[in-house]
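Notes for the one structure printed next.
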Amino acid sequence: MKIQSLDRRFIFLILFLAICLSILFPRKLHIAIEPYVQQAYHTIDSLQPGDRVLMSFDYGPSTSLEVHPATLAILRHCFEKGAPVVMYTLWNEGLPFIQDAIEKVCIPLSKKENVDYVNLGFKWGGLSGSSVIEGMGSNLGAVFPVTTRGIPYNQVPLLQGVKGLKDFKVLVSISAGAPGIDEYIRYANARYGIPIIGVVTRVGAPKEYPYLNGKQLYGLCAGLVGGAEYEELIGRPGDGTAGLFSLSIANLTVIGFIIIGNMIYFSQKVFKK
Amino acid sequence: MHGTREIFLNWGRIALSAAMILGVINLVLSHTKKIALQNKGWIFSLILLLSFGITLYFALPYKVVVHDGVVSTLKGTDAGTLGYKIFMNVYTPLSSTIFALVAFFIASAAFRAFRAKNFEATLLLLSAIIVMIGSTSFGDMLLHSLHLDQFVGPYTSSWLSNQIQQIPMSAAQRAINFGVTFGVIFISIKILTGIDRSYFGGE
Amino acid sequence: MPYIRSIAGLTALEEALGRATEMGKPVLFLSGLGDVDNIQTLAALSILSHVAYKAAQYDLPLIMPNVYSVTMVTAQEVIREAHLRAGKPDTYKPENVYYVSDEQFAFVAHTNGVMERLRPAANVYMGAFYGESLILAETGHATGAIQIAGTAETSQIPFFVVACDYCLIGEELYAASAYLSKDPRQLGSIKAQDIFRVMLLAVLLVGCLMETFHAQFLTRFLGG
């Protein structure tokens with residue numbers, strides 16, 4: 001009876017302790033690769049040196065812990081394949097994460113700005129972003145006339161000869177809401193045929209499965225687990241791998257609560273009878 | 001056509017900026033009133049206004065720099081600036097912390113609400129457990145430790161979790177999306193033709 | 001009058017407002033994290049009109065924090081009109097409808113604080129909600145409020161179903177305005193929606209059967 005009306009703060013405390021212990025005593029888990037992460041890996045792995053990649057950082061601080069590890073892993077993989085990357089965002093909160101990716105991946109790998117990567121910054125396109133995406137499809141320079149450093153589009157070596165989306169091999173949409181991956185599928189892939197790889201939160205992943213099955217998405221990394229799987233594939237453990245054990249412990253703790261809750265429920269039913 | 005699109009987009013951006021100013025004015029006025037009247041919790045209003053002012057002061061600046069003969073612009077939120085540091089070291093952890101509360105609330109909601117009261121609730125409960133176990137490696141590790149992996153073959157817990165998400169969950173989401181699409185079309189027609197004016201204060 | 005099945009969440013709105021009146025506590029209404037260009041927000045504002053009218057009749061304070069300033073201004077107008085219709089223009093308090101922040105979790109943190117401090121008797125969440133849905137619903141549950149939610153975000157519906165007392169799923173949010181107004185024209189549009197849905201179902205079934213037997217005429221015709 002007393003457990004039934006347990007103060008929820010005890011539940012919070014148990015979960016907090018479980019996660020703390022998993023951080024203090026980490027273990028490396030076997031990482032099973034999901035087929036969609038494998039698909040994303042193969043799409044990037046098939047790039048040739050010089051093939052341009054677009055990366056759209058459409059997420060904010062709250063979801064960054066989930067999607068940023070996969071973002072960094074994919075960025076690293078692109079550079080390993082010699083593919084230059086054009087980075088931008090449709091969310092104003094995404095700008096610092098582009099900076100962070102540059103600091104954590106581009107600079108340590110001695111990549112040259114405007115040659116191996118370029119930051120085009122933020123462009124507002126409303127809730128759907130359709131006008132920006134359609135504009136990018138035909139005339140990228142008109143949508144982003146200057147980089148974040150104020151350098152004109154036609155003076156960036158990486159963007160020489162680039163007119164629109166068709167001049168890119170892959171678009172990586174890192175998305176935590178709208179505008180995001182759904183808009184890219186609707187406007188970029190449907191109209192211009194550019195292959196899209198998605199990096200989304202775990203909660204938002206089931207929404208994208210129909211697009212994977214319909215061959216509109218060419219790979220999907222979902223949440224921290226997706227990031228850990230991609231890191232495993234490129235052989236460079238990072239934040240995703242580091243957080244996987246704690247995530248697993250948290251999941252098991254919640255399952256434990258469900259089981260205990262049901263045991264109490266059924267014991268009360270028996271007791272009443 | 002593209003020029004027209006850009007014109008409308010620019011108008012939209014200007015309107016958005018004006019809307020932000022409206023919001024900021026409302027915020028500042030309501031909190032200033034609270035401080036002036038020393039209502040309960042006025043100290044938090046003071047902290048809010050101070051935080052707002054400090055962040056605006058450091059994040060707004062904009063200057064032109066020349067580096068190696070290349071002229072470029074440096075905004076108050078570019079890497080290395082104090083505005084950027086405030087965003088990455090203050091706002092980002094705070095936002096992540098609030099989002100992290102979801103984990104704790106999932107635990108309390110799971111304890112409270114996931115009870116096998118009837119068939120549908122039992123189905124929900126079992127699906128939740130299977131999907132959660134499949135999201136970790138523990139399901140497969142448990143099968144391996146019980147020597148059951150040789151019997152299940154490729155049909156592991158992660159496979160089952162994926163099947164639940166790809167088949168019944170996708171089907172249900174598609175069904176809801178069909179309904180939502182029709183709902184959007186019809187409510188849009190009602191709003192555009194003026195049949196439904198309640199969203200703007202009509203009956 | 002066309003027959004529309006009963007939607008538990010909308011029927012419970014009256015009960016929720018009655019409960020708030022008895023307890024002498026306010027009602028909290030959230031129109032979600034969308035701006036006025038989001039159709040879910042417009043649907044939420046339509047529901048707000050009915051809720052505000054009832055709240056004005058019962059002299060209930062209606063608290064509404066907003067994410068966007070344009071939504072705030074629109075909501076102020078909706079509530080003011082509702083008070084006018086109820087014949088109580090002097091009970092309208094514009095300071096109860098205010099702007100908080102454009103940032104998702106700053107808004108959530110504030111709203112949770114409002115729930116904990118004011119302890120509203122009824123929480124109504126209508127519109128586009130994202131990752132904050134469970135935070136709001138659980139905090140509301142902890143304060144003992146009756147909670148009615150409605151959203152078309154498929155990823156958040158499960159959280160609201162589990163944590164709230166009533167939940168409007170998907171298109172029920174869009175049908176709510178017609179349901180509450182009882183206007184024959186609006187109810188007729190819901191009937192038309194149902195007819196189109198049956199037609200779509202028929203096309204889906206025929207299409208599935210044709211694809212099963214490798215007859216791709218319909219797929220090619222619809223796919224262009």
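These numbers come from the heavy atoms of this one structure, side chains and all, not from hydrogens, waters or symmetry mates. Fair warning: this is a prediction, and the values are worked out from it, not measured in the lab. Per chain, numbering begins at 1; letters A, B, ... match sequence-line order.
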ask   = So, A:Phe12 versus B:Phe105, ring centres under 6.0 angstrom or not?
value = yes
request  = Decide yes or no for A:Phe257 and B:Ile106: does some side-chain heavy atom of the first lie under 4.5 Å from some side-chain heavy atom of the second?
outcome  = no
task = Please state whether the side chain, the backbone, both or neither of B:Phe114 comes within less than 4.5 Å of a heavy atom of chain A.
result = both
key: Residue selection (most heavy-atom pairs with chain B, distance under 4.5 Å) from A:Ile31, A:Thr253, A:Leu252   = A:Leu252
ask   = If you count the non-hydrogen atoms of other residues, nucleotides and ligands that lie under 6.0 Å from CZ in A:Phe16, is the total more than 12?
value = no
message = With a 4.5 angstrom heavy-atom cut-off, is it the side chain or the backbone of A:Asn119 that approaches chain B, or both, or neither?
response = neither
query = Based on non-hydrogen pairs under 4.5 Å, which of B:Ala103, B:Ala171, B:Pro93, B:Ser96 is most in contact with chain A?
reply = B:Ser96
request  = Considering non-hydrogen atoms only, spot the tightest contact between A:Asn262 and B:Ala116 and give its length.
outcome  = OD1-N, 2.9 Å
request  = Identify the residues of residues 219-227 of chain A whose heavy atoms come closer than 4.5 Å to a heavy atom of chain B, ordered by number, or report 'none'.
outcome  = A:Val225
query = Taking all atoms of both residues into account, what is the closest heavy-atom pair of B:Met132 and A:Asn251, and its distance?
reply = O-ND2, 3.4 Å
query = Take atom CZ in B:Arg174; do more than 12 heavy atoms of anything else shown fall under 6.0 Å from it?
reply = yes
remark   = Between A:Arg8 and B:Ser108, the two heavy atoms sitting closest are CB-CB, 4.2 Å
key: Minimum-distance pair of heavy atoms, taken over all atoms of A:Glu93 and B:Phe87   = O-CZ, 3.9 Å
request  = Examine whether an atom of B:Leu94 lies under 4.5 Å from a heavy atom of chain A, and if so say whether it belongs to the side chain, the backbone or both; otherwise answer neither.
outcome  = neither
message = Tell me whether the count of non-hydrogen atoms from other residues, nucleotides or ligands lying under 6.0 Å of CE in B:Met20 goes above 12.
response = no
Check against side chain to side chain contact (heavy atoms under 4.5 Å, CB included), B:Arg115 and A:Phe266 = CA-CA 9 Å; B:Arg115 303 285 161 89; A:Phe266 282 111; over 6 Å; no
query = Taking A:Ile14, A:Ile258, A:Val254, A:Ile11 one by one, which has the highest count of heavy-atom pairs under 4.5 Å against chain B?
reply = A:Ile258
key: Chi angles and distances behind the side chain to side chain contact (heavy atoms under 4.5 Å, CB included) call for B:Thr92, A:Phe97   = CA-CA 10 Å; B:Thr92 300; A:Phe97 296 103; 4.2 Å; yes
ask   = With a 4.5 angstrom heavy-atom cut-off, which part of B:Arg112 approaches chain A: side chain, backbone, both or neither?
value = neither
query = Among A:Leu244, A:Asp100, A:Val146, which has the most heavy-atom pairs under 4.5 Å with chain B?
reply = A:Asp100
inquiry  = Does any backbone or side-chain atom of A:Glu208 lie under 4.5 Å from a heavy atom of chain B? Answer side chain, backbone, both or neither.
reply    = neither
key: chain B contact via A:Tyr36 - side chain, backbone, both or neither, heavy atoms under 4.5 Å   = side chain
key: Sub-4.5 Å side-chain heavy-atom contact between A:Ser62 and B:Ser95   = yes
key: Gap between atom OH of A:Tyr211 and atom OG of B:Ser170 - 0.5 Å precision   = 11.0 Å
Largest heavy-atom contact set with chain B, pairs under 4.5 Å, which of A:Pro35, A:Pro206, A:Gly256, A:Ala205 = A:Pro206
message = Could you go through A:Ile260 and B:Phe111, starting from their C-alpha distance and side-chain angles, then the distance that decides it, and tell me whether this counts as side chain to side chain contact (heavy atoms under 4.5 Å, CB included)?
response = CA-CA 8 Å; A:Ile260 292 169; B:Phe111 181 75; 4.1 Å; yes
ask   = Between A:Ile249 and chain B, which part of the residue has a heavy atom less than 4.5 Å away: side chain, backbone, both or neither?
value = both
query = What part of A:Leu65 lies closer than 4.5 angstrom to a heavy atom of chain B: side chain, backbone, both or neither?
reply = side chain
Check: A:Tyr209/B:Gln173 side-chain N/O donor and acceptor closer than 3.5 Å = no
key: Student check: side-chain heavy atoms of A:Pro61 and B:Phe99 closer than 4.5 Å   = no
